[in-house]
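Beneath this line is the structure, given in structure tokens, with notes to follow.
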Amino acid sequence: MAETFYGRGTYEQFEEYMDLIDLVFKYTNTENQFRKLLPKLYKPELIPAYNSFNAYKDGKMVAAIGSFPLATQVMDVTLKGMGIGNVAVHPDYRHEGHMVKALTMSVEDMIAQGVDFSCLGGQRQRYNYFSYDYTGVCYRYHIGPNNLRHYYHDQPLKLTMVEVAADDQAALDAIAALADAQPCHPIRDRARLYDILITWHARPHIFLEDGKFVGYCVLSQDGCGVSELLAVDDGYVMEMVRCLCANAGKEVSIVIPPFKPGYRKALEPCGSGVSIGCCEMFSILCYRRVLEACLKLKATYATLAEGSFTALIHGRAGDEQLEITVANGNISVLPTDKTPDVELEHLQAMNYFFAPACCLRDTAPAVAQSWFPAPLWSYSTDAV
């Protein structure tokens with residue numbers, strides 16, 4: 001039996017790596033190959049094969065699991081993250097345990113490196129085995145031309161909407177500055193910003209008022225889904241949405257994070273409806289840091305009851321026994337040896353603290369029901 005080697009790839013393996021993941025995902029059309037779908041990751045100089053845990057057998061790469069840096073700034077805390085992508089096993093080498101081995105190696109490496117969280121997309125139960133679950137709160141508003149016609153009647157549009165080109169550095173600078181000013185935002189490489197914004201063939205647009213930048217959005221390829229929308233002032237949100245609907249000519253769905261209450265207040269009266277769900281599949285590897293950062297963020301837009309609460313969490317990266325305290329406007333999450341109010345397994349804990357719905361949380365102490373779900377968040381723009 002041929003020996004199997006597991007490890008990171010090299011710069012020289014770029015083409016072999018790309019051929020493998022394109023083959024597995026059946027991306028045979030040039031426009032639907034990974035290097036076009038995610039140019040932010042798949043270029044030779046970015047060494048994607050190194051940012052991957054791979055299996056080698058019979059003298060070739062037979063499996064690959066990408067593991068890419070994905071840091072997020074939450075208030076004054078930089079959370080170290082990793083995104084998992086292109087989980088690929090060659091059809092001739094499936095059912096040999098390569099995916100299990102490589103993904104387990106990836107998670108163990110994150111723990112060793114002190115990563116706070118990881119995220120990925122995929123089938124829930126498949127990735128539950130590796131510590132991931134759908135969580136985080138996402139608001140999705142559905143707004144169409146008829147909604148706006150009744151809401152605005154014959155009022156003319158006040159803004160114009162312009163698609164951003166790769167060489168429009170002024171627009172990209174404005175987008176970067178606005179995004180980086182938010183209390184919770186991904187840490188993006190400015191040099192790769194355009195490639196990030198066109199993830200999965202998305203189309204970035206800016207909004208102008210008399211030629212002045214007032215906001216931007218990231219629009220899906222079909223023009224009907226908005227995965228990211230930011231305005232320089234909450235008062236521009238509805239005018240931006242009017243431009244979006246006029247551009248699409250039909251209903252659009254707009255994703256809004258929980259920490260933008262002004263946006264939600266603007267959108268609630270005029271849409272055809274809103275759905276609340278999970279924003280991503282996460283694995284929390286340091287509950288203390290993630291909980292403290294997210295609760296501080298929540299305190300900027302919601303009233304948190306004062307009190308304390310203790311939880312024993314049997315996390316993927318190890319046990320954490322934490323006391324969470326809100327007192328005099330201060331929030332702390334610290335290790336403790338106090339008897340816990342609740343004891344949670346890893347998947348239970350992620351749902352208890354971060355998911356929009358959790359039956360176990362319904363019977364939690366009042367302070368916990370006031371604090372949770374905490375606003376764990378990641379834009380699909382940054383998905384890998």
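Values reported hereafter were calculated over all heavy atoms of this structure, with side chains retained and with hydrogens, waters and symmetry mates removed. Numbering starts at 1 and runs along the sequence shown.
Residue pairs meeting the side-chain hydrogen bond (donor to acceptor under 3.5 Å, both in side chains) criterion with at least one partner in residues 158-172, sequence neighbours excluded, are Gln169-Arg190.
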| said: If you apply the rule salt bridge (charged side-chain N to carboxylate O under 4.0 Å, His left out), what do you find for Glu209 with Lys212, and how did you get there? | reply: CA-CA 5 Å; Glu209 181 181 48; Lys212 180 182 177 181; over 6 Å; no
| field | Pair Lys265-Asp234, salt bridge (charged side-chain N to carboxylate O under 4.0 Å, His left out): steps then yes or no | value | CA-CA 9 Å; Lys265 183 177 180 180; Asp234 292 359; over 6 Å; no
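The aromatic rings of Phe130 and Tyr127 lie tilted to each other, with the angle between the two planes from 30° to 60°.
Defined by atom type and a distance below 3.5 Å, a donor-acceptor pair is missing between the side-chain atoms of Asp133 and Thr135. Side-chain contact check for Tyr379 and Ser227: no donor-acceptor pair (N or O, by modelled atom type) lies under 3.5 Å. Inspection of the Glu343 and His314 side chains reveals an N or O donor paired with an N or O acceptor under 3.5 Å. Side chains of Tyr216 and Glu228: a donor on one and an acceptor on the other come within 3.5 Å.
Closest non-hydrogen pair, Arg203 versus Ser220, comes out as NH1-O, 3.8 Å. Residues Leu219 and Cys224 approach most closely at CD1-N, 4.5 Å, considering heavy atoms. The two residues Asn54 and Arg8 have their closest heavy-atom pair at ND2-C, 3.7 Å. The two residues Glu15 and Arg35 have their closest heavy-atom pair at OE1-NH2, 3.4 Å. Residues Cys119 and Ser378 approach most closely at SG-OG, 4.3 Å, considering heavy atoms. Residue Leu157 comes nearest to Ala246 through the heavy atom pair CD1-CB, 4.1 Å, listed as atom of the first residue, atom of the second, then distance.
Put simply, the side chain of Val164 reaches to within 4.5 Å of the side chain of Leu172, judged on heavy atoms. For the pair Met350/Tyr132, no side-chain contact is recorded, criterion being any heavy-atom separation below 4.5 Å from C-beta on. Contact check for Phe354 versus Ile284: side-chain heavy atoms found under the 4.5 Å cut-off. Side chains of Tyr152 and Cys270 form no contact here, defined as non-hydrogen atoms less than 4.5 Å apart. Inter-residue side-chain proximity for Arg188 and Lys40 is flagged as unmet; no heavy-atom pair is nearer than 4.5 Å.
By the rule that hydrophobic residues join a cluster once side-chain heavy atoms approach within less than 4.5 Å of another member, Leu46 and Met82 end up as members of separate clusters. A continuous path of ILVMFWY side-chain contacts below 4.5 Å connects Ile254 to Tyr236, so both sit in one hydrophobic cluster. Placement of Leu120 and Val107 within a single hydrophobic cluster is found when ILVMFWY residues are connected by side-chain heavy-atom separations under 4.5 Å, directly or transitively. Each of Val226 and Ile196 belongs to its own hydrophobic cluster when Ile, Leu, Val, Met, Phe, Trp and Tyr are linked at side-chain heavy-atom distances under 4.5 angstrom.
Members clustered with Tyr56: Phe5, Phe14, Tyr17, Met18, Leu20, Ile21, Val24, Phe25, Tyr27, Phe34, Leu37, Leu38, Leu41, Tyr42, Met61, Phe68, Trp200, Val384, by chain and number, using a 4.5 Å side-chain heavy-atom cutoff among hydrophobic residues. Through direct or relayed side-chain contacts under 4.5 Å between Ile, Leu, Val, Met, Phe, Trp and Tyr, Tyr6 connects to Phe53, Met105.
Side chain of Asp116 to main chain of Gly81: no donor-acceptor pair is present (N/O by atom type, distance under 3.5 Å, no hydrogens or angles). Under the 3.5 Å distance criterion, the side-chain polar atoms of Gln369 are matched with a main-chain donor or acceptor of Ala364. No donor-acceptor pair closer than 3.5 Å links the side chain of Ser67 to the backbone N or O of Ile84. Between the Gln221 side chain and the His201 main chain, no donor and acceptor come within less than 3.5 Å of each other. With Trp371 contributing its side chain and Ala305 its backbone, the two residues share a donor-acceptor pair below 3.5 Å. The backbone N or O of Thr78 sits less than 3.5 Å from a side-chain atom of Arg289, completing a donor-acceptor pair.
By the 6.0 Å and 45° rule, Arg361 does not stack over the aromatic ring of Phe372.
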